[in-house]
Amino acid sequence: QVQLVESGGGLVQAGGSLRLSCTASGRIFSSDDMGWFRQAPGKEREFVAAITWSGGNSYYTDSVKGRFTISRDNAKNTVYLQMNSLKPEDTAVYYCAARPRYSGGSHYSRSSYDYWGQGTQVTVSS
């Protein structure tokens, strides 16, 4: 059974930092591309960042470029999202997701991912 478990969310003031973690089990983690998505109240779930199975390529939505960094440690079956210079508009539930490497579709597309975590809340106060 595949499990993705996020952690590291919380309440932070604008300008602060958080690091989210997502630990995977039930699959060969190093075979999967990993992504982070977020969903704010009343909005659709949107792409934040993704990283390929080897860590060789990463992708970001424009609004987080230069502030967020995605990374992974295949030995620990964990993907991270370092979030700096947080803004109130970053407030959302953050989800990690997995897709097999070389699978079709865009890394930016929600429908390209087969497995999802339960999410972790990030709240940025102004």
Side-chain angles (χ1 to χ4, degrees):
Q1 182 178 357
V2 177
Q3 273 198 316
L4 301 176
V5 180
E6 302 97 337
S7 62
L11 173 64
V12 64
Q13 288 189 330
S17 297
L18 284 174
R19 188 177 81 155
L20 305 184
S21 300
C22 171
T23 300
S25 60
R27 286 184 58 80
I28 302 175
F29 180 76
S30 59
S31 295
D32 286 344
D33 296 343
M34 300 296 296
W36 286 97
F37 288 74
R38 66 187 179 187
Q39 188 167 17
K43 296 188 176 181
E44 291 193 356
R45 193 171 299 187
E46 65 173 2
F47 171 80
V48 177
I51 189 167
T52 52
W53 61 276
S54 65
N57 289 292
S58 57
Y59 310 87
Y60 298 93
T61 193
D62 286 346
S63 63
V64 308
K65 285 180 181 176
R67 300 190 297 123
F68 291 10
T69 303
I70 190 170
S71 62
R72 65 189 296 159
D73 184 339
N74 286 348
K76 295 183 178 180
N77 288 359
T78 300
V79 61
Y80 305 98
L81 185 68
Q82 178 67 45
M83 306 186 295
N84 298 329
S85 303
L86 282 161
K87 304 175 181 180
E89 51 263 43
D90 295 317
T91 295
V93 177
Y94 283 70
Y95 299 89
C96 74
R99 56 175 248 168
R101 64 180 178 176
Y102 308 135
S103 58
S106 168
H107 285 91
Y108 297 85
S109 174
R110 192 173 56 189
S111 62
S112 296
Y113 294 81
D114 298 324
Y115 304 100
W116 292 84
Q118 292 300 305
T120 185
Q121 175 71 47
V122 171
T123 303
V124 184
S125 64
S126 57

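Sequential numbering from 1 along the given sequence is applied to the chain's residues. Hydrogens, waters and symmetry mates are skipped; everything else that's a heavy atom, side chains included, is used.
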To the closest 0.5 Å, what do you measure between [atom1] ([X]) and [atom2] ([Y])?
X	Y	atom1	atom2	result
N74	S54	CG	OG	8.5 Å
E44	Q39	CD	CD	8.0 Å
L86	S17	CG	OG	6.0 Å
D114	S103	CG	OG	6.5 Å
T61	E46	OG1	CD	6.0 Å
L4	S25	CG	OG	7.5 Å

Check your understanding: With hydrophobic residues grouped by side-chain heavy-atom distances under 4.5 Å, do V12 and L81 end up in a single group?
Key ->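 In one cluster with V12: L81, yes.
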
Do [X] and [Y] have side chains that approach each other closer than 4.5 Å (heavy atoms only, starting at C-beta)?
X	Y	result
V122	M83	yes
Y60	V48	no
H107	T52	yes

Between [X] and [Y], which heavy-atom pair has the shortest distance, and what is it?
X	Y	value
Y95	Q118	CE2-O, 3.4 Å
S58	I70	CB-CG2, 3.8 Å
S126	A14	CA-CB, 4.4 Å
V79	M34	CG1-CE, 3.9 Å
G105	R99	O-NH1, 3.2 Å
S85	R67	O-NH1, 2.9 Å

If you count heavy atoms of other groups shown closer than 6.0 angstrom to CD1 of I28, is the number above 12?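 Open: at most 12 neighbouring heavy atoms sit under 6.0 Å from CD1 of I28.
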
Query raised in the report: Can you list the steps and then say if F68 with Q82 is a side-chain contact (heavy atoms from CB on, under 4.5 Å)?
Result: CA-CA 5 Å; F68 291 10; Q82 178 67 45; over 6 Å; no

In plain terms, say whether D90 and K87 are close enough for a salt bridge, that is, a side-chain N and a carboxylate O under 4.0 Å apart.
no

Applying the ring pair (Phe, Tyr, Trp, His ring centres under 6.0 Å) criterion to F47, which one of Y113, W36, F37 satisfies it?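 So, applying the ring pair (Phe, Tyr, Trp, His ring centres under 6.0 Å) to F47 and each of Y113, W36, F37, only F37 qualifies.
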
Notebook entry, point to check: Does the salt bridge (charged side-chain N to carboxylate O under 4.0 Å, His left out) test come out yes or no for R101 and D32, once each step is laid out?
Noted result: CA-CA 5 Å; R101 64 180 178 176; D32 286 344; over 6 Å; no

For L20 and T120, run side-chain contact (heavy atoms from CB on, under 4.5 Å): C-alpha distance rounded to whole Å, both residues' side-chain angles, the deciding distance at 0.1 Å, then the answer.
-> CA-CA 8 Å; L20 305 184; T120 185; 4.0 Å; yes

Is it true that a side-chain atom of T123 and a backbone atom of L11 form a donor plus acceptor pair closer than 3.5 Å?
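No, the answer is negative, given that no donor and acceptor are paired below the 3.5 Å cut-off.
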
Looking only at side-chain N and O atoms, does T23 offer a donor or acceptor that is under 3.5 Å from a partner on T78?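 Note: T78 and T23 side chains meet the donor-acceptor criterion.
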
Would you tell me whether E89 and T91 have side-chain atoms, one donor and one acceptor, within less than 3.5 Å of each other? no

With side-chain contact (heavy atoms from CB on, under 4.5 Å) as the criterion, how do D73 and Y80 come out once you've worked through the C-alpha distance, each side chain's angles and the decisive distance to 0.1 Å?
CA-CA 8 Å; D73 184 339; Y80 305 98; 4.1 Å; yes

Pair K76, F29 - check side-chain contact (heavy atoms from CB on, under 4.5 Å), show working.
CA-CA 9 Å; K76 295 183 178 180; F29 180 76; over 6 Å; no

Distance under 6.0 Å and angle within 45° of the ring axis: does R38 meet both against Y94? no

